[in-house]
Asker: 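Structure provided below as structure tokens; questions to follow.
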There are 2 protein chains.
Amino acid sequence: MSTLAEENYLKCIYHLSLNSENVSTNQISASINTRAASVTDMLKKLADKELINYTRYQGVSLTPAGEKIAVHIIRKHRLWEYFLVEKLDFKWDEVHEMAEEMEHISSMELVDRLDKFMGYPKYDPHGDPIPDSNGQFKKHDLQPVSTIGVNDTGVISGVRDHSPGFLQYLEKQQLTIGKKITVTEINTYDHSMVLEIEDSEIHISREVANNLLITL
Amino acid sequence: MSTLAEENYLKCIYHLSLNSENVSTNQISASINTRAASVTDMLKKLADKELINYTRYQGVSLTPAGEKIAVHIIRKHRLWEYFLVEKLDFKWDEVHEMAEEMEHISSMELVDRLDKFMGYPKYDPHGDPIPDSNGQFKKHDLQPVSTIGVNDTGVISGVRDHSPGFLQYLEKQQLTIGKKITVTEINTYDHSMVLEIEDSEIHISREVANNLLITL
DNA sequence: TTATAAATTTAGACAAGTCTAAATTTTATG
DNA sequence: CATAAAATTTAGACTTGTCTAAATTTATAA
Ligand SMILES: [Mn+2]
Ligand SMILES: [Mn+2]
Ligand SMILES: [Mn+2]
Ligand SMILES: [Mn+2]
């Protein structure tokens with residue numbers, strides 16, 4: 001099948017593809033912390049295996065075969081994250097690096113049993129949807145808090161930044177998945193916002209508002 | 001730290017060390033299915049890292065540092081096997097290959113939480129002892145069924161052969177961990193034995209008797 | 001539209017881990 | 001004890017995945 005490095009590239013290309021049709025060498029290079037020259041080498045290998053569409057200098061996209069692998073890796077990543085938080089009591093900011101390793105465990109049967117063991121969870125600890133064993137999942141309709149106005153409400157359902165620093169900040173402010181928020185004030189100068197959550201007031205910067213996602 | 005390959009070599013040397021003081025290149029070569037020349041290369045690397053004691057042509061033994069790593073890998077291997085059987089309902093003959101991958105997940109914290117989650121199990125599904133987080137475990141006193149005589153009894157507590165074929169055979173014959181057996185007959189010609197388990201009679205060959213371990 | 005900058009690829013190298021074939025050392029045997 | 005056999009190591013090669021430095025292509029902008 002695929003090697004660990006190939007799997008990481010496919011997953012990376014998948015994630016970058018959500019924002020732009022074609023993914024550039026430099027985008028991949030930045031995202032997986034590898035030199036552009038090394039990325040080019042790998043892109044050739046993945047193209048030879050027909051996992052990506054690649055034309056020199058033009059960037060890449062996943063083939064259906066490549067996307068299938070990518071989604072399966074993401075399924076494993078998110079299931080293991082769920083396991084770590086729900087069964088082993090890790091915090092949501094602690095699990096990413098571990099899942100980065102665990103997503104490469106190869107047994108299909110193991111993934112499906114793990115899924116069953118946990119009751120077929122739909123979302124991971126960060127609110128990201130978990131693909132089912134056929135690779136199906138619904139991309140729920142999220143938007144940054146920064147896009148709504150005063151007196152509007154929403155439910156916290158995801159994050160755009162998965163860094164431990166941001167997640168720890170949110171946790172400390174009680175800004176966790178499932179919480180209902182109402183915008184009570186928007187500062188027109190710096191676009192900072194005041195939110196009401198469970199009867200308490202929380203001030204967040206524009207940057208936080210951009211990276212915190214809600215459903216209406 | 002150590003690479004996946006290094007970890008597998010250390011674990012292999014640890015297991016072989018249980019039977020002989022010094023482990024030979026060919027023993028390792030046979031056990032991990034790698035050519036002797038490749039083993040020599042790796043032994044040099046491990047010796048450079050002071051994880052093994054190595055003198056050319058003389059075989060190797062683990063240093064305390066090497067043994068510590070080996071035992072930690074074994075701890076992870078057995079904890080994951082326990083998890084797969086007890087939590088995900090795999091059979092005892094299905095888990096080895098998966099654990100062979102999972103034992104390389106690096107987080108120490110993860111192992112300890114997994115251990116706690118399962119209630120600090122003492123033995124893995126094959127009856128092998130699980131080292132605690134300090135690397136301590138008691139080597140219980142096992143002997144092959146073939147070493148006891150007529151009318152002697154024992155409790156099945158381990159296996160010497162971990163192959164799926166042998167484990168499946170034992171399962172089918174109800175010869176599973178914890179069962180109490182009594183020898184009722186020994187055939188002097190071929191050393192086959194007749195055992196009594198829970199009021200039923202089971203015939204086993206000398207080969208099986210040699211690979212099935214009991215405590216008295 | 002042509003020069004410069006940015007992005008990307010090519011060339012050449014390296015570490016890890018493996019292999020085959022050949023040389024060397026140790027062990028066994030007459 | 002001398003020699004043949006077995007075990008082990010060395011030599012040289014290959015694959016994967018990475019790097020730096022140098023070319024090449026594409027994009028930008030005066
Ligand atoms: Mn990964
Ligand atoms: Mn996640
Ligand atoms: Mn292993
Ligand atoms: Mn076991």
Side-chain angles (χ1 to χ4, degrees), chain A residues 1-14 16-17 19-62 66 69-70 73 100-101 103-106, chain B residues 1-14 16-17 19-62 66 69-70 73 100-101 103-106:
Chain A
M1 284 282 90
S2 306
T3 65
L4 186 146
E6 285 171 358
E7 289 182 349
N8 283 337
Y9 274 88
L10 291 173
K11 185 166 63 104
C12 167
I13 294 166
Y14 179 90
L16 292 172
S17 295
N19 299 319
S20 50
E21 191 59 37
N22 261 25
V23 176
S24 75
T25 300
N26 267 6
Q27 280 179 291
I28 299 169
S29 164
S31 158
I32 65 178
N33 235 6
T34 302
R35 297 305 182 155
S38 311
V39 173
T40 299
D41 288 342
M42 180 58 89
L43 294 183
K44 287 183 201 159
K45 282 178 215 162
L46 294 173
D48 282 347
K49 292 191 169 191
E50 301 188 53
L51 298 174
I52 60 172
N53 307 113
Y54 173 53
T55 328
R56 271 160 72 235
Y57 296 101
Q58 298 311 133
V60 299
S61 62
L62 292 173
I69 295 174
I73 303 296
E100 203 59 43
E101 289 183 58
E103 71 191 0
H104 304 289
I105 304 290
S106 58
Chain B
M1 281 283 91
S2 306
T3 65
L4 186 146
E6 285 171 357
E7 289 182 349
N8 283 338
Y9 274 89
L10 291 173
K11 183 166 65 108
C12 168
I13 294 167
Y14 179 91
L16 292 171
S17 295
N19 299 318
S20 49
E21 191 59 36
N22 261 26
V23 177
S24 76
T25 301
N26 268 5
Q27 280 179 292
I28 298 169
S29 164
S31 158
I32 64 178
N33 236 3
T34 302
R35 298 304 183 158
S38 311
V39 172
T40 299
D41 287 343
M42 181 58 89
L43 295 184
K44 286 183 202 158
K45 281 179 218 162
L46 294 173
D48 282 349
K49 292 191 170 191
E50 301 188 53
L51 298 174
I52 61 173
N53 306 113
Y54 173 52
T55 329
R56 272 160 73 233
Y57 295 101
Q58 299 310 133
V60 299
S61 62
L62 293 174
I69 294 174
I73 303 297
E100 203 60 42
E101 290 183 59
E103 71 191 1
H104 303 289
I105 304 292
S106 58

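No experiment lies behind these values; they were computed from the predicted model shown. Computed over heavy atoms, backbone and side chain alike; hydrogens, waters and symmetry mates excluded. The sequence lines fix the lettering, A, B, ..., with proteins before strands; numbering per chain opens at 1.
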Asker: Could you measure the distance from the CG atom of A/Leu51 to the OH atom of A/Tyr9? Nearest 0.5 Å is fine.
Answerer: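 Rounded to the nearest 0.5 Å, the CG-OH separation comes out at 14.0 Å.
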Asker: Indicate yes or no: at least one non-hydrogen side-chain atom of A/Ile13 is less than 4.5 angstrom from one of A/Leu43.
Answerer: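 The answer is yes; the side chains approach within 4.5 Å.
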Asker: Provide, to the nearest angstrom, the distance between the OH atom belonging to B/Tyr9 and the C1' atom belonging to C/dA16.
Answerer: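 Whole-Å distance recorded here is 11 Å.
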Asker: Short of 4.0 Å, heavy atom to strand atom, which residues of residues 34-50 of chain B count as contacting DNA chain D?
Answerer: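 Result for residues 34-50 of chain B: B/Ala36, B/Ala37, B/Thr40, B/Lys44, sorted by number.
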Asker: Check step by step if side chain to side chain contact (heavy atoms under 4.5 Å, CB included) holds for B/Tyr54 and B/Leu46.
Answerer: CA-CA 9 Å; B/Tyr54 173 52; B/Leu46 294 173; over 6 Å; no
Asker: Apply side chain to side chain donor-acceptor pair (under 3.5 Å) to B/Asp41 and list each qualifying residue two or more places apart in sequence or on a separate chain.
Answerer: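 Listed in chain order: nothing, the list is empty.
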Asker: Determine, step by step, whether B/Leu62 and B/Ile69 satisfy the side chain to side chain contact (heavy atoms under 4.5 Å, CB included) criterion, reporting the C-alpha distance in whole Å, the side-chain angles of both residues, the deciding distance to 0.1 Å, and the verdict.
Answerer: CA-CA 10 Å; B/Leu62 293 174; B/Ile69 294 174; over 6 Å; no
Asker: Begin with the C-alpha distance, continue with both residues' side-chain angles, and end with the deciding distance and a verdict on side chain to side chain contact (heavy atoms under 4.5 Å, CB included) for A/Glu7 and A/Leu10.
Answerer: CA-CA 5 Å; A/Glu7 289 182 349; A/Leu10 291 173; 5.6 Å; no
Asker: Any side-chain heavy-atom pair from B/Ser106 and A/Glu101 closer than 4.5 angstrom?
Answerer: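 Answer yes - side chains close enough.
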Asker: Quick test: give all pairs of protein nitrogen or oxygen and nucleotides 24-27 of chain C nitrogen or oxygen below 3.5 Å, distance rounded to 0.1 Å.
Answerer:
unit_1: C/dT24; atom_1: O2; unit_2: B/Tyr57; atom_2: OH; d: 3.4
unit_1: C/dT25; atom_1: O4'; unit_2: B/Tyr57; atom_2: OH; d: 3.3

Asker: Looking at B/Ser61 and B/Asn22, what are the two nearest heavy atoms and their distance?
Answerer: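 Shortest heavy-atom contact: CB-OD1, 3.9 Å.
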Asker: Taking side chain to side chain donor-acceptor pair (under 3.5 Å) as the test, write out the residues that go with A/Ser20, two or more places apart.
Answerer: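 Testing A/Ser20 for side chain to side chain donor-acceptor pair (under 3.5 Å), a comparison that skips the adjacent residues, returns none.
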Asker: I'd like the 5' and 3' limits of the part of DNA chain D contacted by chain B, with heavy-atom contacts below 4.0 Å.
Answerer: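 For DNA chain D, the relevant span reads D/dA7 to D/dT10.
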Asker: Any salt bridge (charged side-chain N to carboxylate O under 4.0 Å, His left out) pairs touching residues 45-56 of chain A, not counting sequence neighbours?
Answerer: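 Every salt bridge (charged side-chain N to carboxylate O under 4.0 Å, His left out) pair that includes a residue of residues 45-56 of chain A, provided the two are not neighbours, is A/Glu6-A/Lys49.
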